[in-house]
Number of protein chains: 2
Amino acid sequence: MEQILFNYLSKYILLTDDEKKAILELDIFKQFKKGTQLLKEGELSDNGYFVIKGCIRTFYIVDGVEKTTEFYTEAESLEPLCKINKKTSDYFISCVEDSILMVADSEIEQEIFQKFPRFETLCRVLSEELLAKNKADFDDFKTSSPEQRYLNLFQSRPQLLQRVPQYQIASYLGLTPQSLSRIRKRLSVGAK
Amino acid sequence: MEQILFNYLSKYILLTDDEKKAILELDIFKQFKKGTQLLKEGELSDNGYFVIKGCIRTFYIVDGVEKTTEFYTEAESLEPLCKINKKTSDYFISCVEDSILMVADSEIEQEIFQKFPRFETLCRVLSEELLAKNKADFDDFKTSSPEQRYLNLFQSRPQLLQRVPQYQIASYLGLTPQSLSRIRKRLSVGAK
DNA sequence: TACATTTATTAACTAAAGTGAACGAACTAT
DNA sequence: ATAGTTCGTTCACTTTAGTTAATAAATGTA
């Protein structure tokens with residue numbers, strides 16, 4: 001199970017057995033049932049998440065309607081804004097599937113950075129990389145039509161379309177469920 | 001001039017005079033004329049930028065048309081994706097105004113981190129914060145209509161609308177210049 | 001199994017954005 | 001000053017998304 005984590009990290013640094021052991025001893029791998037709310041609007045939490053298995057999503061409720069903005073699957077991590085700016089959250093986090101997550105608060109992070117300073121370098125590099133990638137995704141979104149965005153998602157994360165209800169994909173693409181349904185129809189007819 | 005940098009950093013850590021001196025001695029403050037291309041599509045660069053004064057933007061050229069996706073003004077910083085993933089750039093970076101920038105490559109960063117380890121913590125914290133904020137901006141974009149996005153920009157960065165040509169704002173909002181022109185008209189008529 | 005709820009599709013209609021072209025105003029450069 | 005760009009607006013037209021509502025299909029649950 002923890003192999004997902006170590007595999008992911010091995011792309012950046014090779015951990016010693018000591019380091020691996022220290023991580024496992026923190027005992028921060030937790031199981032959650034599908035539908036579990038990890039964070040609610042208005043709450044303040046100090047937890048960050050790394051997905052070992054399963055899928056979680058962030059969503060807003062605008063005029064009573066859910067707007068899903070991001071999905072996190074295996075080997076992806078989420079540091080909620082409320083953890084960083086210490087303000088109550090604008091959004092919800094919940095489990096799209098039964099999931100196994102690493103859950104770490106600032107105290108745990110400090111502890112690790114203290115024991116293994118290399119981890120701080122790792123985290124800096126990782127978040128710089130995530131930032132640049134997120135910018136690239138945002139750029140893509142801005143410069144594409146809804147249809148292109150759907151095709152793009154189809155290319156880059158095909159499994160996601162199987163794992164997640166379509167109305168959540170729709171708002172992830174900045175659309176209503178009806179529009180996404182139409183786009184899919186248009187594409188399937190056009191392809192024939 | 002360097003006050004812009006030190007002011008910004010003071011929100012996160014208080015620098016000693018030694019540290020300030022060390023930064024200034026790197027001699028990485030550079031001047032650029034409006035229109036200067038800092039990075040071109042297809043190029044590979046190891047430079048990151050921090051804006052002391054002025055404005056720079058990133059843009060793509062898609063089917064011969066410029067698509068501006070981000071603006072960076074005073075006290076904002078840009079680490080291009082090509083610096084991080086070592087692949088040639090998909091986009092251009094150029095100066096919207098005469099600008100004074102801090103330009104730093106990986107070697108310079110290493111040097112600083114070596115001398116002042118606190119800087120690595122700072123950079124980790126900063127990029128985590130930027131990542132969370134960028135996600136929030138992206139969420140906003142996805143959940144808003146073009147008109148709301150324009151109004152939102154009007155609120156959050158009113159000066160930008162004065163400093164930057166409107167066709168660049170348009171693609172920044174994911175629109176054609178014609179659509180933005182219409183939105184502005186609609187809003188000005190509605191306001192009367 | 002049967003019932004209730006959630007999710008996806010379809011349709012008719014409205015509103016808004018994309019497209020291509022034209023025009024004038026503003027800015028540059030010589 | 002003037003010639004040449006660049007930029008913003010407007011227009012007519014096409015395409016696509018939003019909205020509201022109805023229905024069908026799939027899923028979950030007693």
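So you know, we letter chains A, B, ... as the sequences are listed, proteins then strands, and number each from 1.
Side chain of S181(A) to main chain of Q178(A): no donor-acceptor pair is present (N/O by atom type, distance under 3.5 Å, no hydrogens or angles).
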Sequence neighbours excluded and cut-off under 3.5 Å, please list the side-chain donor-acceptor pairs for residues 34-42 of chain B, or say none.
from: T36(B); atom 1: OG1; to: K33(B); atom 2: N; distance (Å): 3.3
from: T36(B); atom 1: OG1; to: K33(B); atom 2: O; distance (Å): 2.4

Please list, one pair per line, the donor and acceptor atoms closer than 3.5 Å that link side chains of residues 117-126 of chain B to other protein atoms, with sequence neighbours excluded.
from: R118(B); atom 1: NE; to: E19(B); atom 2: OE2; distance (Å): 3.3
from: R118(B); atom 1: NH2; to: L14(B); atom 2: O; distance (Å): 3.0
from: R118(B); atom 1: NH2; to: E19(B); atom 2: OE1; distance (Å): 2.7
from: R118(B); atom 1: NH2; to: E19(B); atom 2: OE2; distance (Å): 3.2
from: E120(B); atom 1: OE1; to: T121(A); atom 2: OG1; distance (Å): 3.3
from: E120(B); atom 1: OE2; to: T121(A); atom 2: OG1; distance (Å): 3.2
from: E120(B); atom 1: OE2; to: R124(A); atom 2: NE; distance (Å): 2.5
from: E120(B); atom 1: OE2; to: R124(A); atom 2: NH2; distance (Å): 3.1
from: T121(B); atom 1: OG1; to: E120(A); atom 2: OE1; distance (Å): 3.4
from: T121(B); atom 1: OG1; to: E120(A); atom 2: OE2; distance (Å): 3.2
from: R124(B); atom 1: NE; to: E120(A); atom 2: OE2; distance (Å): 2.6
from: R124(B); atom 1: NH1; to: E128(B); atom 2: OE1; distance (Å): 3.4
from: R124(B); atom 1: NH1; to: E128(B); atom 2: OE2; distance (Å): 3.4
from: R124(B); atom 1: NH2; to: E120(A); atom 2: OE2; distance (Å): 3.1

For nucleotides 5-8 of chain D, which of its nitrogen or oxygen atoms have a protein nitrogen or oxygen under 3.5 Å away, and what is each distance?
from: dC7(D); atom 1: OP1; to: Y167(B); atom 2: OH; distance (Å): 3.4
from: dC7(D); atom 1: OP2; to: Y167(B); atom 2: OH; distance (Å): 3.4
from: dG8(D); atom 1: OP1; to: Q166(B); atom 2: N; distance (Å): 2.7
from: dG8(D); atom 1: OP2; to: Q166(B); atom 2: N; distance (Å): 3.3
from: dG8(D); atom 1: OP2; to: Y167(B); atom 2: N; distance (Å): 3.0

Protein N or O to nucleotides 20-22 of chain D N or O, pairs below 3.5 Å:
from: dT20(D); atom 1: O4; to: Q178(A); atom 2: NE2; distance (Å): 3.3

Could you pull out the protein-nucleic contacts involving nucleotides 26-30 of chain C (nitrogen or oxygen on both sides, under 3.5 Å)?
none

Which protein N or O atoms sit under 3.5 Å from an N or O of nucleotides 12-18 of chain C?
from: dA17(C); atom 1: OP2; to: R186(B); atom 2: NH1; distance (Å): 3.0
from: dA17(C); atom 1: OP2; to: R186(B); atom 2: NH2; distance (Å): 3.3
from: dG18(C); atom 1: OP2; to: T176(B); atom 2: N; distance (Å): 3.4
from: dG18(C); atom 1: OP2; to: T176(B); atom 2: OG1; distance (Å): 3.2
from: dG18(C); atom 1: OP2; to: S179(B); atom 2: OG; distance (Å): 2.5
from: dG18(C); atom 1: N7; to: R182(B); atom 2: NH2; distance (Å): 2.9
from: dG18(C); atom 1: O6; to: R182(B); atom 2: NH1; distance (Å): 3.1

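The two residues N47(A) and P80(A) come nearest to each other via the heavy atoms O-CD, 3.2 Å. When all heavy atoms of S99(B) and G54(B) are compared, the pair lying nearest together is OG-CA, 3.6 Å.
Across the protein-nucleic acid pair, L187(B) atom CG and dT9(D) atom P stand 12 Å apart, rounded to whole Å.
Pairs passing the ring pair (Phe, Tyr, Trp, His ring centres under 6.0 Å) check and including a residue from residues 65-94 of chain A, sequence neighbours excluded, read F59(A)-F92(A), Y60(A)-Y91(A), F71(A)-Y172(A).
Under the rule for a side chain to side chain donor-acceptor pair (under 3.5 Å), the partners of S145(A) that lie at least two apart in sequence or sit in another chain are Q148(A). Applying the salt bridge (charged side-chain N to carboxylate O under 4.0 Å, His left out) rule to E43(A) yields no partners; only residues at least two apart in sequence or on another chain are considered. Residues forming a side chain to side chain donor-acceptor pair (under 3.5 Å) with R182(A) (at least two apart in sequence, or on another chain): S179(A). For D140(A), the side chain to side chain donor-acceptor pair (under 3.5 Å) partners at least two apart in sequence or on another chain are N152(A). With sequence neighbours excluded, the residues forming a side chain to side chain donor-acceptor pair (under 3.5 Å) with E74(A) are R163(A), listed by chain and number.
With 3.5 Å as the limit, one finds no donor-acceptor pair spanning the side chains of S144(A) and R149(A).
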